[in-house]
Protein chains: 2
Amino acid sequence: MTGETMKTRDKILLTSLELFNERGERNITTNHIAAHLAISPGNLYYHFRNKSDIIYEIFQEYEKLVDYYLDIPEDRAINLEDLTFYLESVFDGLWSYRFFHRDLEYLLDSDPRLRQDYRGFTNRCLAAIDRIFGKLADGGIIAPQLDELRSAMSLNVWLVITNWMAFLKTAHAADESASLTLTELKQGIYQVLTLELPYLTPEYRERVMALREKYRPSFPDTSESSGCRESAAREVG
Amino acid sequence: MTGETMKTRDKILLTSLELFNERGERNITTNHIAAHLAISPGNLYYHFRNKSDIIYEIFQEYEKLVDYYLDIPEDRAINLEDLTFYLESVFDGLWSYRFFHRDLEYLLDSDPRLRQDYRGFTNRCLAAIDRIFGKLADGGIIAPQLDELRSAMSLNVWLVITNWMAFLKTAHAADESASLTLTELKQGIYQVLTLELPYLTPEYRERVMALREKYRPSFPDTSESSGCRESAAREVG
DNA sequence: GACTGCCTAGAGTATATACTCTAATAATAC
DNA sequence: GTATTATTAGAGTATATACTCTAGGCAGTC
């Protein structure tokens with residue numbers, strides 16, 4: 001990925017993202033990034049004024065990606081395949097830029113541009129979720145609801161999505177804390193679909209239940225005894 | 001609060017909590033804490049081996065508080081007053097120790113004891129939420145559900161509760177980011193009750209709707225235009 | 001008054017972190 | 001080829017951070 005043909009600037013962005021995702025932004029210094037790329041700190045600072053600028057550009061990629069996937073068609077209702085696509089895409093994005101939500105508050109505190117943009121990003125995501133609910137109702141998949149309830153539901157979906165990874169990481173035992181996989185992350189879809197279950201129309205109920213089943217966690221999430229968890233969800237990558 | 005009669009050790013814990021809550025653990029050094037108390041760093045380190053130990057003890061207080069409030073009675077069903085009490089208490093706890101969830105992942109990565117304990121804490125909270133759902137069903141407030149759905153619902157409640165504050169802080173504009181209030185935080189109860197709405201029995205539906213209404217945010221959360229938000233939710237403290 | 005145990009001050013340190021500066025090299029334009 | 005610009009190396013720096021070390025005060029006790 002960080003091959004020879006790539007421009008240094010892009011290599012910096014890519015490597016930063018990798019390292020941030022793996023070890024957390026707080027644990028990765030600009031010197032680490034430079035060392036990992038075998039370039040000098042001076043070189044890094046030739047391309048970026050500071051660490052915040054690197055993070056800001058990575059965020060813009062993230063934003064662009066999610067905006068691209070959450071472009072809800074205006075002219076037609078959406079079906080279950082669309083819904084699956086939206087959910088998969090959002091969790092893919094979350095995975096690719098997973099460092100971001102981990103230190104979100106600190107990052108927003110240190111960069112006003114980021115705070116401003118992230119706020120807009122959140123509002124666009126919430127609006128998209130809201131539209132998805134609307135379109136699902138248009139398609140007869142869920143029963144239509146009052147605007148106010150739909151807004152609150154959308155916000156809950158957003159809260160579940162953005163907190164699911166943190167939950168996974170904190171629920172892991174120490175020795176597996178680094179071994180989070182995309183598959184596990186996508187079990188968040190199970191949680192999101194749980195939110196929608198009571199609103200499903202009878203015609204679609206079974207189909208959504210079946211879809212949800214595909215994402216069911218392989219270990220007992222909410223069990224009080226944690227003994228079973230050790231044997232589950234081994235890392236694949 | 002940090003009066004003359006208090007022991008230095010306790011003053012350190014109290015001041016640390018205050019500073020962490022106000023400015024984030026990442027931004028507060030042991031030197032800051034000592035300076036704020038007008039004691040020497042040496043003194044601080046006489047009482048605590050390191051920063052992690054301070055945080056760990058604060059967490060134990062937090063844990064104890066929440067465990068105390070989430071002691072669900074085994075012998076009887078619970079009513080709406082109980083439910084309100086649980087929700088209020090949990091959000092009170094979240095408020096008092098609000099620094100904790102902000103840097104959770106980093107904190108767990110730096111202290112294995114904390115990771116271990118927090119994992120147990122999460123499981124106890126999830127179990128308590130699960131029991132509350134059970135007792136609400138016993139009391140005829142919500143319809144009983146299959147274990148598996150109830151578990152997933154409990155987890156969603158937990159995700160909403162623990163992510164609500166982060167959402168508020170990131171949704172705020174820069175100039176109000178410090179002005180989060182307990183009142184705003186408790187609007188999370190509105191979101192939690194939203195999760196329960198579809199499961200309410202007809203007899204209790206109106207009453208819970210009324211309860212939920214009390215916590216309704218005074219600004220349009222999910223609106224795309226953010227223009228209205230500036231005028232709302234001024235700080236009181 | 002000296003001994004003891006608890007507490008405190010404050011200077012000091014090793015390491016890290018974000019970032020700078022200068023000089024040199026590679027690429028490109030003319 | 002030479003002038004110009006873009007890129008890079010690498011040593012260096014100011015500041016911060018978590019933490020240490022030594023010396024001493026103060027309260028109680030015999």
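Just so it is clear: chains get the letters A, B, ... in the order the sequence lines come, proteins before strands, and each one is counted from 1.
When all heavy atoms are compared, the tightest approach of B:L44 to B:A34 is CD1-N, 4.0 Å.
Residue-level contact check: A:A34 touches neither bases nor backbone, having no heavy atom under 4.0 Å from any strand. Note on A:L44: nothing from the nucleic acid sits closer than 4.0 angstrom, heavy atoms only.
Distance A:N50 CG to D:dA14 P: 20 Å, rounded to the nearest Å. Computed from coordinates, the A:N27 CG to D:dA18 P distance equals 14 Å when rounded to whole Å. Between A:I55 atom CD1 and C:dT17 atom C1' there is a gap of 14 Å when expressed in whole angstrom units. For the pair A:L37 CG and D:dT7 P, the interatomic distance rounds to 16 Å; values are reported in whole Å. Rounding to whole angstrom units, CZ of residue B:F48 and P of D:dC19 are separated by 13 Å. One interatomic measurement links the two molecules: CZ of A:R26 to P of D:dA16, which rounds to 17 Å at whole-angstrom precision. If you measure from atom CE of A:M6 to atom C1' of D:dT7, you get 17 Å, rounded to the nearest angstrom. In this structure, CD of A:E25 is placed 12 Å from C1' of C:dT17, rounded to the nearest angstrom.
Between B:T8 and C:dC7, a side-chain N or O to OP1/OP2 separation shorter than 4.0 Å is absent. Here A:Y46 reaches the OP1 or OP2 of D:dT7: one of its side-chain N or O atoms lies under 4.0 Å away. Phosphate proximity of C:dT8 to B:H47: present, with a side-chain N or O under 4.0 Å from OP1 or OP2.
Of the two residues near DNA chain D, B:G42 and B:Y45, the one whose nearest nucleotide lies more 5' is B:Y45. Both B:I39 and A:P41 lie near DNA chain C, and the one whose nearest nucleotide falls closer to the 5' end is B:I39. When each of A:I28 and B:A38 is assigned the nucleotide of DNA chain C with its nearest heavy atom, B:A38 is the one assigned upstream, toward the 5' end. Taking for each of A:N31 and A:N43 the nucleotide of DNA chain D with the nearest heavy atom, the 5'-most of the two is the partner of A:N43.
Ring-plane geometry between B:F121 and B:F59 is classed as perpendicular, the angle between the planes exceeding 60 degrees on a 0 to 90 degree scale with a lower cut at 30.
Checked for salt-bridge contact, A:D109 and B:R102 meet the test: a charged N lies under 4.0 Å from a carboxylate O.
The B:S40 side chain lies nearest to C:dA9 when the options are D:dT8, C:dA9, D:dT17. When distances run from any side-chain atom of B:T30 to the nucleotides D:dA18, D:dA9, C:dA18, the shortest one goes to D:dA18. Nearest nucleotide to the side chain of A:H32, out of D:dT17, C:dC19, C:dT17: C:dT17.
In this structure, B:R216 forms no cation-pi arrangement with B:Y190, as its terminal cationic atom is not both closer than 6.0 Å to the ring centre and no more than 45° off the ring axis. Because its NZ or CZ atom is both nearer than 6.0 Å to the ring centre of A:Y106 and within 45° of the ring axis, B:R26 counts as a cation-pi partner of that residue.
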